[in-house]
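Notes for the one structure printed next.
Keep in mind that what you see is a predicted model, and the values were worked out from it rather than measured. Throughout, protein chains are lettered first and strands after them, A, B, ... in sequence-line order, and every chain is numbered starting at 1.
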Number of protein chains: 2
Amino acid sequence: MNKINETDEKLLCPIKYTLGIVGGKWKLPIICILSSGEPYRFNYIKKRLPEITNMMLTQSLKEMEASGMVGRKQFNEVPPHVEYTLTEKGKSLLKPLESLAEWGIENMHQEADNLSLCENCQAEK
Amino acid sequence: MNKINETDEKLLCPIKYTLGIVGGKWKLPIICILSSGEPYRFNYIKKRLPEITNMMLTQSLKEMEASGMVGRKQFNEVPPHVEYTLTEKGKSLLKPLESLAEWGIENMHQEADNLSLCENCQAEK
DNA sequence: CGGCATCCTATGAGATACTG
DNA sequence: CAGTATCTCATAGGATGCCG
């Protein structure tokens with residue numbers, strides 16, 4: 001009944017889907033680590049994210065596996081050995097994420113206090 | 001000390017900045033409404049988002065005004081009349097958002113149950 | 001009409017300890 | 001090594017009512 005709604009719903013809805021996939025505190029950090037394309041083990045990822053708990057890492061990886069973003073390969077050895085990689089679907093999100101990052105880089109350095117968000121990285125305009 | 005961190009931090013950090021700007025439950029919906037380029041009044045936006053409360057709308061608009069995404073124009077009449085628009089900075093985020101939306105459209109219809117996310121829109125591949 | 005103050009609640013996330 | 005099971009807690013978000 002409200003024609004004017006259609007355009008923005010068609011924009012919003014897929015965005016919500018996408019952010020649902022990578023939402024939460026840890027999924028983007030994990031994707032960024034896996035973005036190299038290499039398969040990494042559970043404890044390696046954990047070392048790269050010193051603040052994450054086993055529980056949050058497990059949960060994030062599991063949800064991303066369920067949504068097809070991350071592949072899990074289990075080696076039946078003792079001790080256990082599991083590797084995680086980005087799937088093709090996961091890799092395909094990197095481009096859109098990069099365009100978000102580009103926008104961020106162009107805008108975040110305009111106000112000085114945003115630099116504080118960025119202790120670890122030296123992203124430059 | 002950990003060279004391998006640099007690349008993903010440089011990707012992650014601006015993304016976090018960007019999502020900080022449009023994060024939360026209502027900012028993206030508001031941006032999508034304002035994406036038409038037209039200035040809209042408080043109560044018009046509210047009608048387009050039937051579930052939002054005055055408080056959340058006020059707060060979201062205020063934060064987006066503070067971050068330079070939204071412009072506020074107040075007409076000193078009785079009764080009060082206020083118009084909100086996307087600033088240039090706000091408009092410049094639309095392209096990156098569209099690339100996120102594109103990815104969403106390409107992926108959300110592959111699994112049938114994601115359709116339920118999308119009651120209002122008929123986004124098609 | 002547009003906005004604010006107060007109070008309240010639900011959910012996401014952390015701490016801790018244990019296991020195949 | 002790679003998880004899981006509880007418990008607790010903080011914060012984003014919601015309900016309600018008042019105001020210039």
Side-chain angles (χ1 to χ4, degrees), chain A residues 12 15-34 38-67 69-86 117, chain B residues 12 15-34 38-67 69-86 117:
Chain A
L12 178 58
I15 295 176
K16 285 198 295 188
Y17 165 75
T18 304
L19 294 183
I21 297 269
V22 296
K25 187 167 180 181
W26 296 109
K27 285 173 192 164
L28 275 174
I30 292 168
I31 288 177
C32 288
I33 289 172
L34 296 180
E38 297 295 313
Y40 291 128
R41 299 177 64 159
F42 187 91
N43 273 315
Y44 175 82
I45 300 170
K46 192 165 148 60
K47 275 194 200 90
R48 294 277 295 276
L49 301 169
E51 315 243 85
I52 202 173
T53 61
N54 276 14
M55 230 199 55
M56 291 312 293
L57 181 52
T58 302
Q59 188 178 306
S60 304
L61 286 170
K62 220 192 231 173
E63 288 174 19
M64 296 184 93
E65 198 193 344
S67 59
M69 299 294 289
V70 165
R72 181 180 186 276
K73 189 172 176 187
Q74 180 164 356
F75 299 82
N76 287 316
E77 307 168 351
V78 183
H81 176 172
V82 182
E83 282 181 358
Y84 293 94
T85 47
L86 274 193
L117 281 174
Chain B
L12 178 58
I15 295 176
K16 285 198 295 189
Y17 166 75
T18 304
L19 294 183
I21 298 268
V22 297
K25 187 166 180 181
W26 296 109
K27 284 171 192 165
L28 275 174
I30 292 168
I31 288 177
C32 288
I33 289 172
L34 295 179
E38 298 295 313
Y40 291 128
R41 299 178 63 160
F42 187 92
N43 274 313
Y44 175 81
I45 301 171
K46 190 165 150 61
K47 277 194 199 87
R48 294 276 295 275
L49 301 169
E51 316 243 83
I52 202 173
T53 61
N54 276 14
M55 229 199 55
M56 291 312 293
L57 182 52
T58 302
Q59 188 178 308
S60 304
L61 286 169
K62 218 194 234 172
E63 288 174 18
M64 296 184 93
E65 200 193 343
S67 60
M69 300 294 289
V70 164
R72 180 180 187 277
K73 189 172 177 187
Q74 179 164 354
F75 299 82
N76 287 317
E77 308 169 350
V78 183
H81 176 174
V82 182
E83 283 180 357
Y84 293 94
T85 47
L86 275 193
L117 281 175

Could you give the [atom1]-to-[atom2] distance, from [X] to [N], as a whole number of Å?
{"X": "B/Gln59", "N": "D/dG13", "atom1": "CD", "atom2": "P", "value": "8 Å"}
{"X": "B/Tyr40", "N": "C/dG2", "atom1": "OH", "atom2": "P", "value": "15 Å"}
{"X": "B/Lys73", "N": "C/dG2", "atom1": "NZ", "atom2": "P", "value": "15 Å"}
{"X": "B/Ile45", "N": "C/dG3", "atom1": "CD1", "atom2": "P", "value": "9 Å"}
{"X": "B/Phe42", "N": "D/dG20", "atom1": "CZ", "atom2": "C1'", "value": "15 Å"}
{"X": "B/Leu57", "N": "C/dC1", "atom1": "CG", "atom2": "C1'", "value": "12 Å"}
{"X": "A/Met56", "N": "C/dG12", "atom1": "CE", "atom2": "P", "value": "10 Å"}
{"X": "B/Leu49", "N": "D/dG13", "atom1": "CG", "atom2": "C1'", "value": "15 Å"}

Query - B/Phe42, B/Tyr44, B/Tyr40, B/Phe75 screened by ring pair (Phe, Tyr, Trp, His ring centres under 6.0 Å) with B/His81, the one that passes - result: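 Of B/Phe42, B/Tyr44, B/Tyr40, B/Phe75, ring pair (Phe, Tyr, Trp, His ring centres under 6.0 Å) with B/His81 is met by B/Phe75 alone.
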
**Report entry** Stretch residues 74-83 of chain A: residues that reach within less than 4.0 Å of DNA chain D through a heavy atom
**Finding:**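 Nucleic-acid contacts, sorted: A/Pro79, A/Pro80, A/His81, A/Val82.
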
Query raised in the report: Between A/Lys73, A/Arg41, A/Arg72, which is the residue that forms a side chain to side chain contact (heavy atoms under 4.5 Å, CB included) with A/Val82?
Result: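 So, applying the side chain to side chain contact (heavy atoms under 4.5 Å, CB included) to A/Val82 and each of A/Lys73, A/Arg41, A/Arg72, only A/Arg72 qualifies.
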
Query raised in the report: To the side chain of B/Met55, which of D/dG14, C/dG2, D/dG3 is closest?
Result: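 Nearest to the side chain of B/Met55 among the choices is D/dG14.
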
Does [N] have OP1 or OP2 sitting under 4.0 Å from an N or O in the side chain of [X]?
{"X": "A/Tyr84", "N": "D/dG3", "value": "yes"}
{"X": "A/Lys25", "N": "C/dG14", "value": "yes"}
{"X": "B/Arg72", "N": "C/dG3", "value": "yes"}
{"X": "B/Trp26", "N": "D/dA12", "value": "no"}
{"X": "B/Arg41", "N": "C/dG2", "value": "yes"}
{"X": "B/Lys46", "N": "C/dG3", "value": "no"}

**Report entry** Verdict with supporting geometry, A/Lys25 and A/Met56, side-chain contact (heavy atoms from CB on, under 4.5 Å)
**Finding:** CA-CA 9 Å; A/Lys25 187 167 180 181; A/Met56 291 312 293; 5.8 Å; no

Requested in this report: Give one of base, sugar-phosphate or nothing for B/Thr53, where a contact means two heavy atoms less than 4.0 Å apart.
Outcome: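 It contacts sugar-phosphate atoms only.
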
State, to 0.1 Å, how close [X] and [Y] come at their nearest heavy-atom pair, and which atoms those are.
{"X": "A/Val22", "Y": "A/Lys27", "value": "O-CB, 3.7 Å"}
{"X": "A/Met69", "Y": "A/Ile31", "value": "CE-CD1, 4.3 Å"}
{"X": "A/Leu34", "Y": "A/Thr85", "value": "CD1-C, 4.1 Å"}
{"X": "A/Ile45", "Y": "A/Ile30", "value": "CG2-CG1, 4.4 Å"}

Requested in this report: Report the residue (A/Gly24 or A/Asn54) whose heavy-atom-nearest nucleotide on DNA chain C is the more 5′ of the two.
Outcome: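 The residue whose closest nucleotide sits nearer the 5' end is A/Gly24.
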
**Report entry** Inter-residue atom distance A/Leu86.CG - A/Glu38.CD, 0.5 Å rounding
**Finding:**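 A/Leu86 atom CG to A/Glu38 atom CD measures 11.5 Å (nearest 0.5 Å).
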
Report task. Ignoring hydrogens and angles, answer whether the base of C/dG2 and the side-chain atoms of B/Asn43 contain a donor-acceptor pair closer than 3.5 Å. Result ->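 There is none.
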
